[in-house]
Amino acid sequence: MHRLKGSGNAAIHLRIRLLSGVLLAVHLLLVGWLMLRPLDVPWAAAANLTPLEGIRADLAYGPLEAPRRIGGGLALLAPLGVLLPLAGGRVGLSPLAAWSSLARTAAAGVLVSVGVAMLQTAVPGQVVDVDSVLLNTLGVMVAHLAVLPVLRARLRRSPKAAPAGGPQAGPRVVPQSGSQGQTPRITRVGLGRWSDVLSAVQREY
């Protein structure tokens, strides 16, 4: 990863981008298999289109079952909060770029979650819940805010590597015009002590 000059972004190495893209595709396939496979159930609840109604119903299951249900909604699309910026190839370093990255990632999470909910209407046994969209989007944002600032801090601290085998620091040679080549430089010798000796000899004679 390296920082782009004159911009608030840092470019992601191609191998990291490819790996993130592969993981993103695998994750979306897993989400599709979990949320869009037909379920053989004796009955299915009605679709919930009232915000927070499903969350209140989950809280009614008690202190053991409620965190599992709500946590599952948060974790379902949470990896998108990290994989989408890495697969996109840019990590915003400035505050404005960071907020813009969060907004784009959250919008992508909303689109994926809404798309899954719309496809669920045609799948037997799957129930559409508007609170799933809220929890999925919140999970994407939490993952983004938890991981990306750490990555940005690491990019800011990383020193710019000097090219291997580069020229060493030393005196600059000024090229001269003409065909005679470079003019040789003679090292200057300090004359302080010799001038004192010569002045003393002159005073004696």
Side-chain angles (χ1 to χ4, degrees), residues 8-9 12 16-152:
N9 294 328
I12 305 299
I16 299 179
R17 293 184 60 184
L18 292 176
L19 178 60
S20 301
V22 171
L23 293 177
L24 179 61
V26 172
H27 175 68
L28 291 177
L29 289 175
L30 179 61
V31 170
W33 180 77
L34 290 175
M35 305 304 296
L36 300 178
R37 75 185 192 277
L39 298 178
D40 186 10
V41 293
W43 62 275
N48 172 39
L49 302 179
T50 304
L52 303 182
E53 185 67 26
I55 295 178
R56 283 194 291 267
D58 291 337
L59 292 175
Y61 280 93
L64 296 180
E65 184 66 17
R68 188 187 68 83
R69 289 174 173 266
I70 296 176
L74 291 172
L76 182 64
L77 297 182
L80 298 184
V82 179
L83 295 177
L84 281 174
L86 294 181
R90 293 288 183 271
V91 175
L93 297 180
S94 66
L96 180 59
W99 284 110
S100 177
S101 175
L102 176 62
R104 291 194 307 269
T105 307
V110 170
L111 292 177
V112 173
S113 185
V114 170
V116 170
M118 293 180 64
L119 292 175
Q120 281 181 325
T121 59
V123 179
Q126 296 287 355
V127 179
V128 177
D129 189 354
V130 67
D131 288 338
S132 296
V133 178
L134 298 178
L135 291 175
N136 295 161
T137 306
L138 182 59
V140 171
M141 297 176 66
V142 168
H144 187 95
L145 293 174
V147 177
L148 267 297
V150 178
L151 180 59
R152 293 188 187 102

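Just so you know, residue 1 is the first one in the sequence shown, and it goes up from there.
Listed here is the closest heavy atom pair of Arg37 and Leu34: NH1-O, 3.0 Å. Pro51 approaches Leu134 most closely through the heavy-atom pair CB-CD1, 4.4 Å. For Pro67 against Gly62, the heavy-atom pair with the smallest separation is CD-O, 3.9 Å. Smallest separation of non-hydrogen atoms from Arg17 and Gly88: NH2-O, 3.6 Å. Scanning both residues, Val31 and Leu76, for their nearest heavy atoms gives CG2-O, 3.8 Å. Listed here is the closest heavy atom pair of Ala75 and Pro79: O-CD, 3.7 Å.
With Gln126 contributing its side chain and Leu39 its backbone, the two residues share no donor-acceptor pair below 3.5 Å. In this structure, the side chain of Asp131 engages the main chain of Leu52 through a donor-acceptor pair within 3.5 Å. Side chain of Glu53 to main chain of Asn48: no donor-acceptor pair is present (N/O by atom type, distance under 3.5 Å, no hydrogens or angles). No side-chain donor-acceptor contact under 3.5 Å links Ser113 to the backbone of Val110. A donor-acceptor contact shorter than 3.5 Å is absent between the side chain of Asp129 and the backbone of Leu49.
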Would you check, one step at a time, whether the test side chain to side chain contact (heavy atoms under 4.5 Å, CB included) holds for Leu36 with Gln120?
CA-CA 6 Å; Leu36 300 178; Gln120 281 181 325; 3.8 Å; yes

Show the numbers, then the answer: is there a side chain to side chain contact (heavy atoms under 4.5 Å, CB included) between Val147 and Val150?
CA-CA 6 Å; Val147 177; Val150 178; 5.8 Å; no

Output, in order, the C-alpha distance, side-chain angles, deciding distance and verdict of side chain to side chain contact (heavy atoms under 4.5 Å, CB included) for Val130 and Thr50.
CA-CA 7 Å; Val130 67; Thr50 304; 5.7 Å; no

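Note that CG of Leu77 and CG of Leu28 are 8.0 Å apart. Values are rounded to the nearest 0.5 Å. Interatomic distance, CG of Leu111 versus OG1 of Thr137, reported as 9.0 Å (0.5 Å rounding). Atom NE2 of residue His144 and atom CG of residue Leu102 lie 5.0 Å apart, to the nearest 0.5 angstrom. Distance check, rounded to the nearest 0.5 Å: OG1 of Thr105 to CG of Leu84 gives 6.0 Å. The CD1 atom of Ile16 sits 11.5 Å away from atom CG of Leu23, with the distance rounded to the nearest 0.5 Å. The structure places CG of Leu19 at 8.5 Å from CG of Leu83, a figure rounded to the nearest 0.5 Å.
At least one side-chain heavy atom of Val112 sits under 4.5 Å from a side-chain heavy atom of Leu80. Residues Leu148 and Leu151 meet the side-chain proximity criterion, which asks for heavy atoms closer than 4.5 Å.
For the side-chain hydrogen bond (donor to acceptor under 3.5 Å, both in side chains) test, residues two or more places apart in sequence or in another chain that qualify with Glu65 are Arg68, Arg69.
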